[in-house]
Amino acid sequence: MKKVNIKTEIPGLKSRELRAREEKAIAPGLQRFAVMAGFVVDHAKGSTITDVDGNTFIDIIGGIGVNGLGHSHPKFVEAVQKQVEKASVGSFTSEPRVELLERLAEHRPAPKVYQTQLYSSGAEAVESALRLAKCHTGKYEFVSFWGGFHGKTMGVLSLMGSDFKEGLGPMVPGSHIAPYANCYRCPMSLKYPSCGMACLEMTRKQIKTNATGRVAGILVEPMQGTAGNVIPPKEFVAGLRSIADEIGALLIIDEMITGFGRTGRYWGAEHSGVQGDIVTIGKQFGGGMPISGVMAHEDVVQAKPWSNPSGSSSSYGGGPLASAAGAASLRIIDEENLVERSRRMGEYFLEKLAPMVDDFPFIGEVRGAGLFLAIELVKDKKTKEPLSKTVTYQIFNECVKRGLLTMSYDAKFRIQPAMTIDQETIDESVEILREVFAVLVKTNSWKN
């Protein structure tokens, strides 16, 4: 049975009326796809969202990695409902927090990386990781990477590897940004593997020439999300581990979007066989509840003043309601074997997408690890010039009209559906994508 059911024009009348009311009171700057889609959510289940006008869409945006369990997973809903009736606020120890911390420790990303401090947003957790690295090393500089995204607060904004920072300076001193191993768009204009991982040597040189010998940490996503679900060669993160050791810095691995099975392994860094000193976590382990955390080596977490009472705490971090949500999410991931499911469904999805490179003149590459997937939309497969915004917006709108919610408004088209997605839903999604892409070919509009 088809999941998509479109009953009205998009957006429908009720959605337009509610959006008009909201726009009078809400500040601008919402997520692009939410503004562009224009509808108002009524309810959601699994990999589908139904709006107030009765239209049902397939969702392969997945809350940009938040919706790992699928919308309104019944076990998750039950756990949150039970907890909110008991206690929802406060920093006191609760049974759900004990369970959450124990489950995190059970799946520790490294043998001695198992102690966790909890927060409510990704940026908050990464900022805390930076403070911890400073406290442990006594140093103050950091290295991050082109294309990297770790949040929008001042410390991590300074380490963002994109033009998002324009107009927001000055940045925090001691922030250094090096090339990431994005092999489709190699920053060194070379080809893997003959490149010899030149980006690693460039990172060494940049640290030597730009830093002052006071690098506290190297902050890296094992696979980059915002940059376009970029999957580097295994040698890249392993090389960063070596560089960190060479300069006496901590390796901070940001697993915010790659952790908890998203890439077909429990941790994204497992693909490289690398262990970090500090690991930041968030998104899908909250099941939709805002929750994040910092996991760190048992020796590192003792650093002061980070480890002093209230030195690393948060008003919302580790409250009983958020903890119940996190514990339930980790329980579901284990009980339903969602890490393995992500691997299998990701392989299936990638297999369905792969022929598009030959079938359509504007698809330069498809790639994926688990359900962490991407399509490169290009004007020219040799120059790799991205499709224009005019065209990508057309793709997005044509998908919405047909009942598919995507991030195709960007030429680096990211796909990260729920880990509970099934083959039938993948097939229906690919069918819609093919239909939309065929329209672009027929009208030649992809050349605009």
Side-chain angles (χ1 to χ4, degrees), residues 65 68 103-116 122 125-126 128-130 132-133 142-151 156 159 161 178 180-183 197 199-200 203 217-246 249-285 292-298 300-301 330 333 338-340 342-343 346 367-374 416 419:
R103 287 184 176 276
L104 287 170
E106 183 181 343
H107 288 287
R108 62 190 66 184
K112 294 187 177 182
V113 177
Y114 63 91
Q115 291 184 299
T116 305
V126 183
S128 181
L130 301 182
L132 176 57
F142 290 94
V143 177
S144 60
F145 296 89
W146 298 1
F149 181 88
H150 308 280
V156 290
L159 295 167
Y180 193 86
N182 180 349
C183 294
M197 297 305 293
C199 51
L200 287 173
T203 299
I218 296 176
L219 172 64
V220 66
E221 298 162 271
M223 299 176 187
Q224 285 188 333
T226 300
N229 288 1
V230 175
I231 303 167
K234 295 178 180 180
E235 303 97 304
F236 181 66
V237 181
L240 296 179
R241 172 74 274 177
S242 296
I243 293 172
D245 292 341
E246 290 167 14
L250 299 180
L251 181 61
I252 306 169
I253 298 181
D254 188 350
E255 294 270 11
M256 206 67 59
I257 199 168
T258 51
F260 307 100
R262 171 55 55 190
T263 67
R265 303 289 291 270
Y266 206 92
W267 302 107
E270 288 181 30
H271 293 273
S272 302
V274 173
Q275 297 176 354
D277 303 298
I278 302 175
V279 176
T280 54
I281 56 176
K283 288 191 180 279
Q284 64 187 30
F285 93 105
S292 63
V294 173
M295 302 183 73
H297 190 284
E298 60 185 11
V300 173
V301 293
L330 298 188
I333 289 170
L338 294 187
V339 178
E340 171 59 17
S342 176
R343 185 192 67 78
R367 56 179 175 262
L371 286 167
F372 186 78
L373 304 149
Q416 52 274 314
M419 296 193 295

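With contacts defined as side-chain heavy-atom distances shorter than 4.5 Å, the pair Ile252/Leu130 qualifies. Counting heavy atoms from C-beta outward, Val126 and Leu159 have side chains that stay 4.5 Å or more apart. In this structure, Thr203 and Ile218 have side chains that are not in contact, with every pair of non-hydrogen atoms separated by 4.5 Å or more. Side-chain contact between Val113 and Gln275 is absent, with no heavy atoms from C-beta onward closer than 4.5 Å.
With sequence neighbours left out, the side-chain hydrogen bond (donor to acceptor under 3.5 Å, both in side chains) criterion links Asp277 to Arg241. Partners of His107 by side-chain hydrogen bond (donor to acceptor under 3.5 Å, both in side chains), not counting sequence neighbours, listed by chain and number: Asp334. Remark: Thr258 engages Glu255 in a side-chain hydrogen bond (donor to acceptor under 3.5 Å, both in side chains) (not counting sequence neighbours). Considering only residues two or more places apart in sequence or on other chains, Ala105 meets the side chain to side chain contact (heavy atoms under 4.5 Å, CB included) condition with Arg108, Tyr114. For Phe285, the ring-ring contact (aromatic ring centres under 6.0 Å, His included) test picks out Phe260, with sequence neighbours left out. Annotation: side-chain hydrogen bond (donor to acceptor under 3.5 Å, both in side chains) contacts of Glu221 (sequence neighbours excluded): none.
Pairing each heavy atom of Pro222 with each of Ile253, the nearest pair is CD-CG2, 3.7 Å. Heavy atoms only, all atoms of each residue included: Ala181 and Val230 are closest at O-CG1, 4.2 Å. Taking each heavy atom of Ile231 and Gly368 in turn, the nearest pair found is CD1-C, 3.3 Å. Closest approach of Ser342 to Met419, counting heavy atoms only: CB-SD, 3.8 Å. Between Phe236 and Leu200, the closest heavy-atom pair is O-CD2, 3.5 Å. Shown here for Val279 and Pro109, the closest heavy-atom pair between the two residues is CG2-CG, 3.7 Å.
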Subject >> Derivation and outcome, side-chain contact (heavy atoms from CB on, under 4.5 Å), residues Leu251 and Val274 >> reply: CA-CA 10 Å; Leu251 181 61; Val274 173; 3.7 Å; yes
Original post:
When you look at Asn182 and Gln224, which way does the side chain to side chain donor-acceptor pair (under 3.5 Å) test go after all the steps?
Top reply: CA-CA 9 Å; Asn182 180 349; Gln224 285 188 333; 5.6 Å; no
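Atom NZ of Lys283 sits about 8.5 Å away from atom CE of Met256, to the nearest 0.5 Å. Atom CD1 of Ile333 is separated from atom CG of Leu338 by 6.0 Å, given to the nearest 0.5 angstrom. To the nearest 0.5 angstrom, Leu330 atom CG is 4.5 Å from Tyr266 atom OH. The distance from the NE2 atom of His150 to the CZ atom of Phe142 is 11.5 Å, given to the nearest 0.5 Å. In this structure, CD1 on Ile257 lies 15.0 Å from CD1 on Ile281, to the nearest 0.5 angstrom. How far CZ of Arg262 is from CZ of Arg343: 15.5 Å, rounded to the nearest 0.5 Å.
Formation of a donor-acceptor pair under 3.5 Å by the Asn229 side chain with backbone atoms of Leu373 is found in this model. Remark: the backbone N or O of Thr263 is paired with a side-chain donor or acceptor of His271 at under 3.5 angstrom. Judged purely by atom type and a 3.5 angstrom limit, Ser272 has no side-chain atom pairing as donor or acceptor with the backbone of Val237. Judged by distance alone, the side chain of Gln284 and the main-chain N or O of Gly259 form a donor-acceptor pair under 3.5 Å.
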